[in-house]
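What follows is one structure encoded as structure tokens, with my remarks underneath.
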Amino acid sequence: MTTTPTTPTLTLPAAHGSCPFDPPPAYDRAARQGSVTPAELLDGEFCWLVTGHQEVRTVLSDPRFSADARHPGFPFLTPGRRALAVNNPSFIRMDDPEHARLRRMVTKDFLVHKVDAMRPGIQRIVDGAIDRMTAAGTTADLVTDFALPVPSLVICLLLGVPYQDHELFQAQSRTLLDNRATQSAVEAAQRGLTGYLTELAEEKRKHPGDDMLSRLAAREDVSPAEIAATGLLLLVAGHETTANMTALSTVALLRRPEQVARLRADPGLVRGAVEELLRYLTIVQSGLPRVALKDVELGGTLVRAGQGVLAMLSTANRDEELFGTADELEVSRDARRHLAFGFGVHQCLGQPLARAELQIALETLLRRLPGLRITVPEEELVFRGHSVVYGVDSLPVAW
Amino acid sequence: MQVILDQDRCCSSGQCVLTAPEVFGQSDEDGLVMLRRSDPEPGLYADVRLAAALCPGGAITVGEATGTP
């Protein structure tokens with residue numbers, strides 16, 4: 001067999017290695033071969049793995065790369081992801097101007113000063129969760145008792161989704177993000193959530209509240225299907241990402257007691273620490289898919305029109321030149337050039353909210369539970385290598 | 001230093017406000033970036049350049065006016 005530079009040596013998605021906080025070793029090996037390397041998807045399709053920081057920025061910000069999955073050659077990690085991207089896609093699977101029209105309907109709720117005004121409410125939700133944990137005893141599952149309910153409550157309030165329905169939307173969200181889920185399971189979860197949100201929006205049209213779904217439902221220029229797709233995106237992205245970041249950050253921090261001590265001594269470090277945790281953990285580990293619409297020279301490689309690319313945020317965030325000792329967690333590092341929220345016009349819309357939630361959750365957790373510790377050996381923790389959003393399934397703690 | 005905005009490219013990520021809050025704001029009207037001052041003092045230059053580099057939509061251009069150190 002002859003090997004050409006475009007022969008894939010890697011099948012995606014790849015498995016994690018011995019360090020649960022590092023990107024899968026196969027991505028790291030690819031990154032050491034070059035910033036753009038050939039890979040093969042599970043369905044046998046070819047795609048380029050883009051691992052360098054600058055090249056990832058280019059793929060995500062250059063309009064020659066499309067986020068619209070209807071273009072031939074668009075890369076899909078699994079049949080489930082294909083179904084999600086093709087059946088009633090949200091604006092993350094559209095290009096401008098379609099994308100901007102829909103995104104701009106919801107940007108106003110995530111402005112920095114709007115999110116700052118939500119901080120006292122987020123603090124009350126965080127304190128309430130810790131109050132319940134300490135009232136119940138001295139042990140808890142930090143995922144189900146803290147990391148998951150806090151952002152779920154916040155996004156429910158913002159969207160106008162009743163929190164009592166959390167078991168339904170949390171279970172369906174997990175299925176949507178699970179790379180092991182069959183296409184029919186993913187489609188059923190999407191149908192379930194879409195139906196739920198369509199009914200809720202219809203109810204809000206008749207009886208509006210002070211929430212995002214009510215404001216969307218009151219507009220004349222957006223269809224029920226578009227409202228459901230936007231609502232689904234915000235609901236899923238709004239709780240799964242922050243929940244997994246909160247739990248995983250706690251695991252990563254507690255292995256570094258000297259850094260925890262510094263954070264407890266100087267809460268002013270928390271803002272920077274959250275940026276560093278976003279960089280180090282980069283929980284969206286499976287890569288952001290795009291397809292080239294034209295021939296593009298990228299990091300010395302010619303990407304042909306119609307070829308798929310996956311922008312790997314996790315390896316970009318381990319760029320040694322940019323960050324130095326990039327494989328280490330260092331809470332006082334200036335990590336602001338990280339790409340954990342993506343880049344380009346699709347960069348995370350909820351990032352001011354995610355930052356506020358993480359800053360408040362982690363600062364409060366460390367302050368109010370000075371004896372916080374994990375009660376099982378790290379090798380017993382079940383990491384979510386199979387999910388689009390990396391995290392831990394449960395996190396037994398005591399204080 | 002002169003700061004120029006292209007609001008058409010703004011995607012309201014808020015990176016500029018977090019990086020250089022003295023110079024950038026976000027409009028309640030349309031959620032888009034606003035300039036609080038177009039000619040910031042030299043002490044803010046590093047933050048403004050970082051805000052331009054971090055802007056995901058490429059909406060911020062920094063021009064070096066004559067006499068800029």
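Chain identifiers are assigned alphabetically (A, B, ...) following the order of the sequence lines, protein sequences preceding nucleic acid strands; residue numbering begins at 1 within each chain.
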Which heavy atom in [X] sits nearest to a heavy atom in [Y], and how many Å separate them?
{"X": "Cys11(B)", "Y": "Gly344(A)", "result": "SG-O, 4.0 Å"}
{"X": "Pro56(B)", "Y": "Gln347(A)", "result": "CG-OE1, 3.0 Å"}
{"X": "Asp8(B)", "Y": "Arg104(A)", "result": "O-NH2, 3.2 Å"}
{"X": "Gln15(B)", "Y": "Arg355(A)", "result": "OE1-NH2, 3.9 Å"}
{"X": "Ala53(B)", "Y": "Arg337(A)", "result": "CB-NH1, 3.7 Å"}

### Closest-packed option against chain A by number of heavy-atom pairs under 4.5 Å, given Thr19(B), Asp30(B), Asp28(B)
Asp28(B)
### Task
Give a yes or no on this: more than 12 heavy atoms of other residues, nucleotides or ligands lie within 6.0 Å of atom CG of Asp221(A).
yes
### Query
Got more than 12 heavy atoms from elsewhere within 6.0 Å of CD, Glu321(A)?
no
### Query
What distance separates Leu54(B) CG from Arg57(A) CZ, expressed to the nearest 0.5 Å?
7.0 Å
### Query
With chain B, which of Val345(A), Leu111(A), Thr107(A) has the greatest number of heavy-atom pairs at distances under 4.5 Å?
Leu111(A)
### Message
Given 3.5 Å as the limit, does a donor-acceptor pair link the side chain of Gln351(A) with the main chain of Gly14(B), or not?
### Response
no
